[in-house]
Amino acid sequence: MTPAALVLEDGRVFRGEAFGAVGSTLGEVVFCTAMTGYQETLTDPSYHGQIVVATAPQIGNTGWNDEDDESRKIHVAGYVVRDPARIPSNWRSRRSLNDELTDQGIVGIAGVDTRTITRHIREQGAMRAGIFAGDAVTDVDTMVQAVRDSPKMKGADLSGAVSTDETYVVPANGERRFKVAALDLGIKFNTPRMMAQRGIETHVMPVGSTLDDLLAVEPDGVFLANGPGDPETQAHAIALTQQVLERRIPLFGICFGNQILGRALGMGTYKMTYGHRGINVPVIEAATGRVAITSQNHGFALEGEVGQKLDTPYGAAEVSHYCPNDGTVEGLRCVDVPAFSVQYHPEAAAGPHDAAPLFDQFVTLMDEA
């Protein structure tokens with residue numbers, strides 16, 4: 001057994017054994033309440049720079065396959081589990097989770113009390129942390145200092161690290177009905193896949209794309225993807241969104257894209273205590289009272305409250321959705337321009353399908369434009 005330690009910036013230390021690559025890694029420690037879909041979680045670009053604690057006690061039972069990745073690689077900074085599967089068992093499995101973590105150089109830790117870690121994060125908030133395994137395990141003071149010297153998530157500009165370098169196109173299934181320019185702030189593979197099912201050809205574009213780049217696609221709509229980091233750092237994406245709103249091009253944003261739209265409309269954002277990360281988060285649509293169980297992954301949120309009306313340079317807008325657990329803003333709707341967004345993931349995989357019709361709303365918006 002190779003020793004390992006999870007070290008938090010407040011000095012708390014949890015000792016276990018190495019899981020995945022041996023070495024050290026630093027990031028913000030957060031917890032995810034999903035009981036399934038760890039492969040999708042690990043490859044979600046929104047987790048870039050974060051050490052993820054799995055609250056489900058047994059992880060790795062279904063191994064790792066070649067179909068369920070949500071991006072080209074694992075993006076988490078580290079992985080924390082209680083009881084890793086010794087032998088994966090699934091007909092789609094090609095290798096073990098441990099082997100995949102090792103192959104991709106992801107440092108993890110197993111055999112720790114993830115329930116206690118989760119309670120600590122809930123009480124003290126998400127914070128900087130480090131996983132140290134093998135020879136990287138040194139004295140506590142040295143490890144804690146390394147953690148405290150690492151950058152904070154507040155003020156972190158991370159989208160550029162996960163965005164595509166060049167534009168690529170995901171064709172529509174069957175006849176093409178619409179073209180969409182998707183700003184890649186950290187997009188997941190399943191998003192253009194869901195659009196393709198609705199006859200949308202998606203042009204996934206680098207985060208630094210200009211308005212001219214978008215217009216060159218001759219898009220019927222613009223999509224703002226999910227992604228990691230602090231939305232306050234995304235001055236370019238916010239300004240680009242404002243230009244899209246001025247031209248009344250139909251716009252749809254999810255997760256990070258919801259925060260970008262909000263800031264483009266003049267709203268503020270803040271860092272949440274421990275965020276929403278899981279596939280069981282309830283959201284209420286203010287206009288109808290309808291509840292959806294959603295997949296979420298965000299540590300920042302828009303400042304606002306249920307039913308709030310906004311007077312923006314682009315006309316009226318409103319807070320359209322909220323989370324009943326804590327009142328967090330979960331969606332926006334513009335009244336005078338064709339734009340809307342949600343904080344959750346309608347492309348959820350693994351996860352509930354309650355929010356999938358949002359893609360149909362986007363189609364309707366483009367159809368009416």
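FYI, side chains are in, hydrogens and waters are out, and symmetry mates aren't considered; it's all heavy atoms of this structure.
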Backbone N/O of Pro282 and side chain of Thr294: donor-acceptor pair under 3.5 Å: no
The single option from Ser341, Ser159, Pro228 passing side-chain contact (heavy atoms from CB on, under 4.5 Å) against Phe256: Ser159
Proximity of Tyr270 and Phe300 rings by center, below 6.0 Å: no
Flag if over 12 foreign heavy atoms under 6.0 Å of CE, Met272: yes
No-hydrogen, no-angle side-chain donor-acceptor test under 3.5 Å, Asp10 and Gln124: no
Lys/Arg-Asp/Glu bridge criterion (N-O < 4.0 Å) met for Arg198, Asp360: yes
Gln343 side chain to Asn258 side chain, donor-acceptor N/O pair below 3.5 angstrom: yes
Donor-acceptor pair, side chain of Thr312 and main chain of Gly315, under 3.5 angstrom: yes
Step-by-step side chain to side chain contact (heavy atoms under 4.5 Å, CB included) determination, Ile238 to Ile260: CA-CA 6 Å; Ile238 293 165; Ile260 298 299; 4.1 Å; yes
Among Leu101, Asp99, Asp69, the one residue meeting side-chain contact (heavy atoms from CB on, under 4.5 Å) with Trp64: Asp69
Side-chain H-bond candidate by donor/acceptor type, Thr210 with Asp212, under 3.5 Å: no
Arg290/Glu285 ion pair, N-O < 4.0 Å: no
Sidechain-backbone polar pair: Asp141 side chain, Val144 backbone, donor-acceptor under 3.5 Å: no
Common cluster, Val52/Phe14, ILVMFWY with side-chain heavy-atom separation under 4.5 Å: no
Sub-4.5 Å side-chain heavy-atom contact between Arg177 and Asp367: yes
Donor-acceptor pair between His276 and Asp326 side chains, under 3.5 angstrom: yes
Please set out all donor-acceptor pairs under 3.5 angstrom arising from side-chain atoms of residues 185-192, sequence neighbours excluded.
unit_1, atom_1, unit_2, atom_2, d
Lys188, NZ, Glu347, OE2, 3.0
Asn190, OD1, Arg193, NH1, 2.7
Asn190, ND2, Glu347, O, 2.7

Any donor-acceptor pair under 3.5 Å from Lys179 side chain to Val217 backbone: yes
Arg92 backbone acceptor or donor facing Arg94 side chain under 3.5 Å: yes
Given Thr43, Asn61, Ile59, Val81, the one that forms side-chain contact (heavy atoms from CB on, under 4.5 Å) with Tyr38: Ile59
Electrostatic pair Arg95-Glu100, nearest N-O below 4.0 angstrom: yes
Residues Glu318 and Ser320: side-chain donor-acceptor under 3.5 angstrom: no
Polar contact flag, side-chain donor to acceptor under 3.5 angstrom, Thr269-Arg263: yes
Whether Phe362 and Phe340 hold their rings parallel, tilted or perpendicular, with breakpoints at 30° and 60°: perpendicular
Donor-acceptor under 3.5 Å (Gln104 side chain, Ile74 main chain): yes
Sub-4.5 Å side-chain heavy-atom contact between Asn280 and Thr33: yes
Validation row: Cys334, Leu265 side chains within 4.5 angstrom (heavy atoms): yes
Check: Arg277 side chain, Tyr274 main-chain N or O, donor-acceptor pair, under 3.5 Å: yes
Any side-chain heavy-atom pair of Ile254 and Tyr344 under 4.5 Å: no
Between Ser71 and His75: side-chain donor-acceptor atoms closer than 3.5 Å: yes
Met205/Leu214 under side chain to side chain contact (heavy atoms under 4.5 Å, CB included): CA gap, chis, key distance, verdict: CA-CA 8 Å; Met205 308 182 71; Leu214 263 65; 3.9 Å; yes
His203 (side chain) donor-acceptor with Val170 (main chain) under 3.5 angstrom: no
Donor on one side chain, acceptor on other, Thr233 and Asp230, under 3.5 Å: no
Gln234 versus His236, side-chain donor and acceptor atoms under 3.5 Å: no
Flag if over 12 foreign heavy atoms under 6.0 Å of CG, Asp311: no
Side-chain donor-acceptor contact under 3.5 Å, Asn90 with Ser93: no
Distance under 6.0 Å and angle within 45° of ring axis: Arg72 vs Tyr168: yes
